[in-house]
Amino acid sequence: SGEFRNSITTKENKFLEANIIKDWQNGMRHNIPISATFSLFDYINISPSINYNERWYTGKEMQEWDPERRQHVTTDTIYGFNRVYDYNASLSVNTKLYGMYTPWKLFGNKIQAIRHVFSPSISMSYSPDFGAPRYGFYESYTYRNEYGEDVEYTYSPYSRMMFGAPSQGEQGNIGFDFKNNVEMKVRSENDSTGYKKISLIDDLGINFSYNMMADSLKWSMINTNLRLKFSKAYTLSLNATWD
């Protein structure tokens, strides 16, 4: 997919005099998502994906420290064709495991079966550090603040452009998600099939992630949830977060 934008804020009598490069803010963005889903051994679903984004700009804004205003300001706009891009990749794997229990002599055979569905899912994602010098999407300079300290400041000349700039920092995560569902099948004279399903645990889930690129505290919080359906009108939901 592609998108082109061109916008300007000006007075009515100056609209026709505006320069398309210097006065208008414009940009073009391209997005190429590639994904697929296939089965492994007929039971495991694998979904890889790659997402590529590219931005075209006709200029970039350079910044410097203004000691009088005590802030970073734009000092120069360099016009010319600029290509700014980023990409990421991900992979998810999931399946379903079924467990069946048949209590033959319980409650006079009214309960036909109890089924447990376990749905594990693991996902992995990776994105490079587009703030690295080899990409050239970020600039750095050192300035002296009001306390006389030398501070290094890093910014992107494209951050104020139409579609922004790629993010800094290498990203690598592994996500874990486990869901459970338990249903009971009982005899029922009110149902045309002679049976009805009763939800014992509509959803019992746990999910957490692992940040491969973090210096410390690589594991995320552990999120858990429980949902019970007592009837069509009454549902109980419980959520908890564990450190």
Exercise. Taking atom NZ of K197 as the centre, report whether more than 12 heavy atoms of other residues, nucleotides or ligands fall under 6.0 Å from it.
Key: no
Practice problem: Over all heavy atoms of both residues, which pair between W242 and T224 is shortest? Give the atoms and the distance, please. | Solution: NE1-OG1, 3.0 Å
Quiz item: So if you build clusters from Ile, Leu, Val, Met, Phe, Trp, Tyr with side-chain heavy-atom gaps below 4.5 Å, do F178 and Y43 land together?
Solution: no
Quiz item: OG1/T74 to CD/E61 distance, rounded to the nearest 0.5 angstrom?
Solution: 4.5 Å
Self-check item: 4.5 Å side-chain heavy-atom contact, L97 and H116
Solution: no
Practice problem: Report the C-alpha distance between T77 and K60 in whole Å, list the side-chain angles of each, state the deciding distance to 0.1 Å, and finish with yes or no for side chain to side chain contact (heavy atoms under 4.5 Å, CB included). | Solution: CA-CA 6 Å; T77 300; K60 60 180 180 180; over 6 Å; no
Quiz item: When you check the side-chain N and O atoms of N239 and N225, is any donor under 3.5 Å from an acceptor?
Solution: no
Exercise. Can you see which heavy atom on E170 is nearest to which on Y126, and at what distance?
Key: OE2-OH, 2.5 Å
Quiz item: Nearest 0.5 Å, what's the OG-OH distance between S156 and Y135?
Solution: 14.0 Å
Quiz item: OG1/T95 to CD1/I44 distance, rounded to the nearest 0.5 angstrom?
Solution: 6.0 Å
Practice problem: Give a yes or no answer on whether the side chain of Q25 reaches the backbone of R160 with a donor-acceptor pair at less than 3.5 Å. | Solution: yes
Exercise. Indicate, with yes or no, if M62 and M161 share a hydrophobic cluster defined by side-chain heavy-atom contacts under 4.5 Å among Ile, Leu, Val, Met, Phe, Trp and Tyr.
Key: no
Self-check item: Electrostatic pair R83:E54 at N-O distance under 4.0 angstrom
Solution: yes
Self-check item: S123 side chain to L91 backbone, donor-acceptor under 3.5 Å
Solution: no
Self-check item: Test side chain to side chain contact (heavy atoms under 4.5 Å, CB included) applied to L226 and I201, step by step
Solution: CA-CA 8 Å; L226 172 66; I201 300 177; 3.8 Å; yes
Quiz item: Rounded to the nearest 0.5 Å, what separation is found between the CE atom of M184 and the CG atom of L200?
Solution: 5.0 Å
Quiz item: Does a donor on one side chain sit under 3.5 Å from an acceptor on the other, for N53 and H30?
Solution: no
Exercise. Check the hydrophobic clustering (I, L, V, M, F, W, Y; side-chain heavy atoms under 4.5 Å; chains of links allowed) and say if V93 and F38 are grouped together.
Key: yes
Quiz item: Where do P157 and E139 come nearest, in terms of heavy atoms and distance?
Solution: CG-CG, 3.6 Å
Practice problem: Taking S209 for its side chain and G175 for its backbone only, find out whether a donor-acceptor pair lies under 3.5 Å. | Solution: no
Quiz item: Less than 4.5 Å apart, any side-chain heavy atom of V186 and any of I198?
Solution: yes
Practice problem: Take F163 and E3 through the side chain to side chain contact (heavy atoms under 4.5 Å, CB included) test and state the conclusion after the steps. | Solution: CA-CA 10 Å; F163 300 110; E3 180 182 6; 3.9 Å; yes
Quiz item: Where does the angle between the aromatic ring planes of F130 and Y87 fall among parallel (under 30°), tilted (30 to 60°) and perpendicular (over 60°)?
Solution: perpendicular
Quiz prompt | Heavy-atom closest pair, residues E64 and Y141 | solution = C-OH, 3.1 Å
Practice problem: Mind telling me whether F176 and F208 have parallel, tilted or perpendicular rings, with 30° and 60° as the class edges? | Solution: parallel
Quiz item: Can a donor-acceptor pair be found between the side chains of K96 and S119 at a distance below 3.5 Å?
Solution: yes
Quiz prompt | Flag side-chain contact, heavy atom, 4.5 Å: I114 against E183 | solution = no
Quiz item: So with a 6.0 Å cut-off around CG of L217, is the heavy-atom count from everything else above 12?
Solution: no
Quiz prompt | Heavy-atom pair with the smallest gap, counting every atom of L236 and F230 | solution = CB-CE1, 3.5 Å
Exercise. Under the side chain to side chain contact (heavy atoms under 4.5 Å, CB included) rule, what do D86 and R55 come out as? Steps first, then yes or no, please.
Key: CA-CA 9 Å; D86 65 88; R55 309 160 185 84; 2.8 Å; yes
Exercise. State, yes or no, whether a side-chain contact exists between R29 and R5 at a heavy-atom distance under 4.5 Å.
Key: yes
Quiz prompt | Test item: R115 side-chain N/O and M100 main-chain N/O as donor-acceptor pair under 3.5 Å | solution = no
Quiz item: Would you call N31 and N51 a side-chain contact if the rule is heavy atoms closer than 4.5 Å?
Solution: yes
Quiz item: Is any side-chain heavy atom of P120 less than 4.5 Å from a side-chain heavy atom of K179?
Solution: no
Quiz item: How long is the gap from CE on M162 to CG on N26, to the nearest 0.5 Å?
Solution: 6.5 Å
Quiz item: Donor-acceptor pair, N181 side chain versus D202 backbone, under 3.5 Å?
Solution: yes
Quiz item: Should F81 and F4 be regarded as members of a common hydrophobic cluster, given that ILVMFWY residues are connected when their side-chain heavy atoms come within less than 4.5 Å of each other, either directly or indirectly?
Solution: yes
Quiz item: Would a distance-only check, ignoring hydrogens and angles, find a side-chain to backbone donor-acceptor pair under 3.5 Å from Y158 to G59?
Solution: no
Quiz item: For R70, does its backbone N or O pair with a side-chain atom of D66 as donor and acceptor, under 3.5 Å?
Solution: no
Practice problem: Describe, in one word, how the ring planes of Y153 and Y155 are oriented to each other, choosing from parallel (under 30°), tilted (30 to 60°) and perpendicular (over 60°). | Solution: parallel
Quiz prompt | Check: N82 and T58 side chains under 4.5 Å, non-hydrogen atoms | solution = no
Quiz item: Are V182 and Y234 connected in a single hydrophobic cluster, I mean Ile/Leu/Val/Met/Phe/Trp/Tyr linked by side-chain heavy atoms less than 4.5 Å apart?
Solution: yes
Exercise. Provide the closest heavy-atom pair for P166 versus Y85 in the form atom of the first, atom of the second, distance.
Key: CG-O, 3.4 Å
Quiz item: With S49, which of S90, S35, S125 fulfils side chain to side chain donor-acceptor pair (under 3.5 Å)?
Solution: S90
Quiz item: Sub-3.5 Å donor-acceptor pair from the side chain of K14 to the main-chain atoms of T10, do we have one?
Solution: no
Quiz item: Side chains of V84 and Y57: closer than 4.5 Å at any heavy-atom pair?
Solution: yes
Quiz prompt | Distance in Å, S92 OG paired with D177 CG, rounded so as to fall on 0.5 Å steps | solution = 11.0 Å
